[in-house]
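Written out below as structure tokens is the structure these notes cover.
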Amino acid sequence: MSIYDTLNKEQKEAVLRTDGPVLLLAGAGSGKTRVLTHRIAYLIDEMGVKPWNILAITFTNKAAGEMRDRVDRLVGFGADQVWVSTFHSSCVRILRRYIDRIGYDNGFTIYDADDQKTVMKAVIRRLNLDPKIYKERNFLSAVSSAKDELISVSEFERRAAGDYNRSLQARAYREYQETLRANNALDFDDIIVKTVELFRNCPEVLDSYQERFQYIMVDEYQDTNTAQFELVRLLAEKYRNLCVVGDDDQSIYKFRGANIRNILDFEKYFPEAAVIRLEQNYRSTQAILDAANAVIRNNTGRKEKTLWTGRMGGEKVRFRQFDSAYEEAEYIAEEIARKAVKKGMEYRDCAVLFRTNAQARLLEERMIMEGVPYNVVGGTNFYSRLEIKDILAYLKTVDSGRDDVAVRRIINVPRRGIGNATLEKAEEFARLRGIGLYSAFERVDEIEGLGRAAAKIRSFVELIRKFREARSRMTVAELIQLIIEQIGYEAYLQDYDDDGEDRIANVDELITKAVNYAKTHEEATLQEFLEEVALVADIDNVNDNDNRVLLMTLHSAKGLEFPCVYLAGLEDGLFPGYMAVNSDSIEDLEEERRLAYVGITRAKDELILTSARTRMIRGETQYNPVSRFVREIPPELLESGSAFGRKTADSRAASAFTDRRRDVSQGDSGARAARGSDGVADYRPKAIVRPKVTPRADKPFIAKGIGSLNQLAGISRGAVYKAPEALTYSVGDRVSHMKYGEGKVIKIDREERDYKVTVNFDKAGQKIMYASFAKLKRL
DNA sequence: GCCTCACACGTTTTT
DNA sequence: CGTGTGAGGC
């Protein structure tokens, strides 16, 4: 009895057919991850393939981690040598070694969406275009789609000839690309594009990777774009041992350039390809699968397949319509709470999925009221919070200083009295000499007409110089702490806005992450840390051990499964979104339908669909009909219950909620700042919820599992920041500091969540610092 | 140079 | 409704 005997006939075929191209059409829940992991095991154990000759590409880091774990368990030895990672991580790894061959520096930085916007805005200004008319978003999406299709600047220009608007985009594209190059930066798309460019221009580099990756597997293949396809094609060209796994019915990233032709035309590029279909679903009940099939059937141009399951019967899919989105949220939260208490359901077995991130808020509020522990995946990424970006910009500048966007971001944070006029002079100086902004700062004495600002710039340069010098002898975490302390960042955040405390807690989380990073990586360089940070997705940080309900978009839910799934906001105009409803292309609606299919097929045992008659969107009340996707499910497959079309006990009970709601919704300006470390929202700012946190006494209240509520109660979970209960030193004591050496404590002020300590250092003089960051030791 | 206030504008979805 | 931006006053 071998591990392969547990596979069905098709799965086994996919595992055993190791040589040559294979297109594996794997329906939802058909065990494709199982096939991939067993295939890797088979290659290593039975075929004698060296683990390092195998490359497996997944969609998210989380999926990569899981795959590696499973391979680890299957193969005794060498699993850690298999490359399992995302497109982006793999490419960055390659580019770090070789990008100098195509004219970048190997120490390149990675720009996120925010940085891209900053650059494009500057481009628009430089091109003397009216920013009122030309939005950076439009240019950026034109640039991004061009890159997805591997269209170079010159190719874009050629195609744009004669078209005014296109020509403008072409100019913006060129200018944008040149700026990135000058800053030695790559955007997300470049990471793929530049790798393809490298392979095309340097045959010897390509050859070395072709030799290295003799067996290649690509998961979620339906979501690859043209650039990614070309990358894979190049790598696989020599040995042609390429196995792609996908499901055209689950292609949901067209907006990001995913090219469904990659799957439909695979056999054209690889005529010798074996096509294997996995059609047995091991995940869902027949009832759920019937609903999924009923919906997806309405799409045209699919690869025909019929999913079936051995799990006959099952509970009918439920549908409930409510008068308002509040009632919808209440129903979901209340029911989850009830199931947890009465039926002993684990919170982690349950997910609430929705179309847009904005829907999370209402659900969240309600979860808190019901005392249901939850996590929100996505929304605003942890690393795009302004306080985090500030610190990262400091780190980037310390690391290289070539990134003008980063330098510009921090030159006046905190306020140093360096304003626009000064900056423009410095930028002009830099531009004329073809150097970076930071290099210009280093030559500040040569810049004319700066007046008093020159001294301010000089001390900024000195500050960075000190950080650089300190870098070699400290960990990333220590460096961050040093920066925070030196620039007085905590105090800056404290009175930046109402969310000072939340922001400080976020910075603290960053330090915790840096500490953890050092623990898991032998050579934890600053550059690697920055890279890691740039490439994480929110879903990557979801911890399966957390016993919480997950709230997330349908996109984030791809690849996951849950015993119980709530699909919320099934309304025409929301899901499918109004864009798709009003689009003249049937394609857009079909993509939404595939999204619905993905959502439905996440459920193993229980699926509940909900919708609301009214919903507030952008301050406006919208009235939406029930989603066409619900209507596509035959009534006999649905249990529509009493809430359908009528006022119910549920909705009547909700009026109390409506009254309480007013104080809930006012002033949640802090919502953004209040996410936990992982890009997973752990709590809401006090303004929204603090007065509301009265978890019912009869609810199970698992204190340790409910980060959100701990946060609300003012309990910080950060390891580093935690305000000490009592200090180990007091006024008059001699203390030592990591950087300043020894000194005497002059004064201690108790502040809301920390102590402010004034120390007179023997060498460095008098400093005021926060106890939690300073880590003073009594002598 | 910095702060405050008023107003316009908009979101699908994300590596 | 919420955020980001721009004008105007200090």
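Just so we're on the same page: letters track the sequence lines, and every chain starts at 1.
- Geometrically, A:Arg126 does not engage A:Tyr176 in a cation-pi contact defined by less than 6.0 Å to the ring centre and at most 45° from the axis.
- Backbone-only contact: A:Asn412 has heavy atoms under 4.0 Å from sugar-phosphate atoms and none from a base.
- Nearest nucleotide to the A:Thr86 side chain, out of B:dT13, B:dT11, B:dT15: B:dT15.
- Closest to the A:Ala537 side chain, of the nucleotides B:dT14, B:dT11, B:dT15, is B:dT15.
- Contact between the side-chain N/O atoms of A:Arg137 and the OP1/OP2 oxygens of B:dG10 is not found at any separation under 4.0 Å.
- Geometrically, A:Lys389 does not engage A:Tyr383 in a cation-pi contact, judged by NZ or CZ lying under 6.0 Å from the ring centre and within 45° of the ring axis.
- For A:Tyr578, counting side-chain heavy atoms from C-beta on, the closest listed nucleotide (C:dC1, B:dT11, B:dC3) is B:dT11.
- Between A:Thr60 and the phosphate of B:dT15, there is no side-chain N or O to OP1/OP2 separation shorter than 4.0 Å.
- Using a 4.0 Å heavy-atom distance criterion, A:Glu592 is classed as a base contact.
- Between A:Asn357 and B:dT14 there is a side-chain polar atom (N or O) within less than 4.0 angstrom of OP1 or OP2.
- The pair A:Glu230-A:Arg233 counts as a salt bridge, with a side-chain nitrogen and a carboxylate oxygen less than 4.0 angstrom apart.
- At the phosphate of B:dT15, neither OP1 nor OP2 sits under 4.0 Å from any side-chain N or O atom of A:Asn225.
- Of the candidates B:dG1, C:dC1, B:dT15, the closest approach to any side-chain atom of A:Ala421 belongs to B:dG1.
- Checked against B:dT14, B:dC3, C:dC1, the side chain of A:Phe255 finds its nearest nucleotide in B:dT14.
- The residue A:Ser89 sits apart from the nucleic acid: no heavy atom pair falls under 4.0 Å.
- Heavy atoms of A:Phe87 sit nowhere under 4.0 angstrom from any nucleic acid atom.
- In terms of phosphate contacts, A:Thr422 brings a side-chain nitrogen or oxygen within less than 4.0 Å of OP1 or OP2 of B:dG1.
- A:Arg594 comes within contact range of no nucleotide atom at all, as no heavy-atom separation falls under 4.0 Å.
- For A:Ser141, there are no side chain to side chain contact (heavy atoms under 4.5 Å, CB included) partners, not counting sequence neighbours.
- Atom CD of A:Glu136 is separated from atom C1' of B:dC9 by 12 Å (rounded to the nearest Å).
- Each of B:dC3, B:dT15, B:dT11 was ranked by its minimum atom distance to the side chain of A:Arg256; first place goes to B:dT15.
- If you check every strand for non-hydrogen atoms under 4.0 Å, A:Phe59 touches sugar and phosphate atoms only.
- If you find the closest nucleotide of DNA chain B to A:Ile252 and to A:Asn420, the one lying nearer the 5' end belongs to A:Asn420.
- For A:Thr553, a side-chain nitrogen or oxygen approaches OP1 or OP2 of B:dT14 to under 4.0 Å.
- Remark: A:Arg256 qualifies as a cation-pi partner of A:Tyr253 under the 6.0 Å distance and 45° angle criteria applied to the six-membered ring.
- Computed from coordinates, the A:Gln228 CD to B:dT15 P distance equals 12 Å when rounded to whole Å.
- Between A:Phe255 and A:His555, the gap from one ring centroid to the other is short of 6.0 Å.
- Which of B:dC2, B:dT14, B:dT11 sits closest to the side chain of A:His555 comes down to B:dT14.
- Among the protein residues, A:Gly417 comes within range of the sugar-phosphate backbone only, with heavy atoms under 4.0 Å from sugar or phosphate atoms but none that close to a base.
- For the pair A:Arg416 and A:Leu574, nearest-nucleotide mapping onto DNA chain B gives the more 5' position to A:Arg416.
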